[in-house]
Amino acid sequence: MLEAATGEEVGTLRGALRVIALTSDLSLEVGSGWCRLLDRSLNPLGSRIATGLNTVWCAASDGEHLAITEIGGPLRILDSDGRERARIAEHFRHVLHDPVTNSWIAVHEPTGGKNSLFRFSNEGELLERRPWDLRIRGTATMRGGRTLILITDQGGQVVDCADWSVRRLQVT
């Protein structure tokens with residue numbers, strides 16, 4: 001870890017393959033077969049959470065739960081102690097928490113198929129599914145998880161997570 005202003009080394013995260021920012025106060029350290037929550041200073045919060053053989057691809061948090069997608073693996077929803085609350089045995093690539101509806105939104109990415117957007121409860125109950133005609137290459141969130149940006153081969157699309165309304169980003 002480096003000090004942003006000076007580039008001076010201030011610490012090391014041993015075994016970490018990547019760090020995923022979840023909120024302004026919470027990050028996720030990802031290792032080979034495990035992950036761990038970190039505080040604002042990147043100090044561990046609790047012990048490592050086993051993910052098995054799969055590496056965590058994407059993660060989101062609502063402050064009480066953690067949702068993770070694993071490369072080639074399921075979407076898992078965990079409580080704050082790392083206990084699994086739900087496992088959806090499908091291939092999901094991106095996940096975010098929608099604070100307006102207090103639900104999880106995930107991009108389903110079947111092999112060779114078309115993407116879909118799914119909405120889940122904390123218990124993994126499917127609340128809504130929306131087919132998506134374009135292959136989703138990447139995602140980003142804005143407005144505290146209320147807005148999902150989908151990067152597709154045809155450009156960016158802005159999705160309001162509460163009502164699924166879509167606007168296409170205009171190139172200027």
Side-chain angles (χ1 to χ4, degrees), residues 13 15-23 25-39 44-142 144-153 157 159-162 164:
L13 294 173
L17 300 174
R18 60 194 287 222
V19 175
I20 301 170
L22 300 172
T23 67
D25 294 326
L26 193 63
S27 295
L28 187 70
E29 175 184 19
V30 176
S32 181
W34 59 271
C35 62
R36 177 173 38 199
L37 291 170
L38 304 172
D39 68 13
L45 294 170
S47 57
R48 291 180 175 183
I49 301 165
T51 59
L53 299 176
N54 299 319
T55 300
V56 173
W57 174 259
C58 187
S61 177
D62 66 357
E64 295 180 32
H65 304 90
L66 175 67
I68 59 174
T69 62
E70 302 170 22
I71 296 173
L75 168 82
R76 296 171 54 201
I77 301 172
L78 311 170
D79 65 18
S80 58
D81 294 324
R83 288 187 301 266
E84 190 173 286
R85 293 188 58 153
R87 175 185 293 251
I88 299 98
E90 295 281 341
H91 184 72
F92 292 94
R93 184 164 180 157
H94 307 281
V95 64
L96 68 108
H97 183 261
D98 174 14
V100 175
T101 61
N102 193 29
S103 61
W104 302 97
I105 296 175
V107 176
H108 182 239
E109 189 177 75
T111 306
K114 292 185 178 181
N115 295 139
S116 295
L117 298 177
F118 284 67
R119 184 184 304 273
F120 294 103
S121 70
N122 286 330
E123 290 73 35
E125 175 189 359
L126 178 61
L127 303 173
E128 193 171 1
R129 178 177 183 225
R130 180 182 188 126
W132 205 264
D133 290 334
L134 303 173
R135 184 157 176 81
I136 299 168
R137 303 285 183 193
T139 63
T141 60
M142 294 175 50
R146 292 179 181 91
T147 302
L148 175 64
I149 308 298
L150 302 176
I151 310 304
T152 70
D153 291 336
Q157 301 199 7
V159 180
D160 184 318
C161 295
W164 300 106

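Numbers for residues simply follow the sequence, beginning at 1.
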| Would H97 and N102 count as a side chain to side chain contact (heavy atoms under 4.5 Å, CB included) if you check the C-alpha gap in whole Å, the side-chain angles of each, and the deciding distance to 0.1 Å? | CA-CA 7 Å; H97 183 261; N102 193 29; 3.0 Å; yes
| request: Starting from the C-alpha separation in whole Å, work towards a yes-or-no answer on side chain to side chain contact (heavy atoms under 4.5 Å, CB included) for W104 and I88. | output: CA-CA 12 Å; W104 302 97; I88 299 98; over 6 Å; no
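Residues S27 and A21 come closest through the heavy atom pair OG-CA, 3.9 Å. Annotation for C35 and V56: closest pair CB-CG2, 4.3 Å, computed over non-hydrogen atoms. Shortest non-hydrogen contact noted between L22 and S61 is CD1-CB, 4.0 Å. Here the closest non-hydrogen pair linking L127 and F120 is CD1-C, 3.8 Å. Across all their heavy atoms, P74 and R87 have their closest contact at CG-NH1, 3.5 Å. In plain terms, the two heavy atoms of T69 and F92 that are nearest each other are CB-O, 3.4 Å.
Remark: the backbone N or O of I136 is paired with a side-chain donor or acceptor of N115 at under 3.5 angstrom.
Listed by chain and number, the residues in a side chain to side chain donor-acceptor pair (under 3.5 Å) with D39 amount to none (sequence neighbours excluded). Scored by the side chain to side chain donor-acceptor pair (under 3.5 Å) test, S103 finds T101, R119 as partners (sequence neighbours excluded).
From T147, atom OG1 reaches atom CG of D98 across 9.0 Å, with rounding to the nearest 0.5 Å. Considering CH2 of W34 and CD of E29, their distance stands at 3.5 Å, rounded to 0.5 Å. Atoms CG and CD, from L148 and Q157 in turn, are 10.0 Å apart once rounded to the nearest 0.5 Å.
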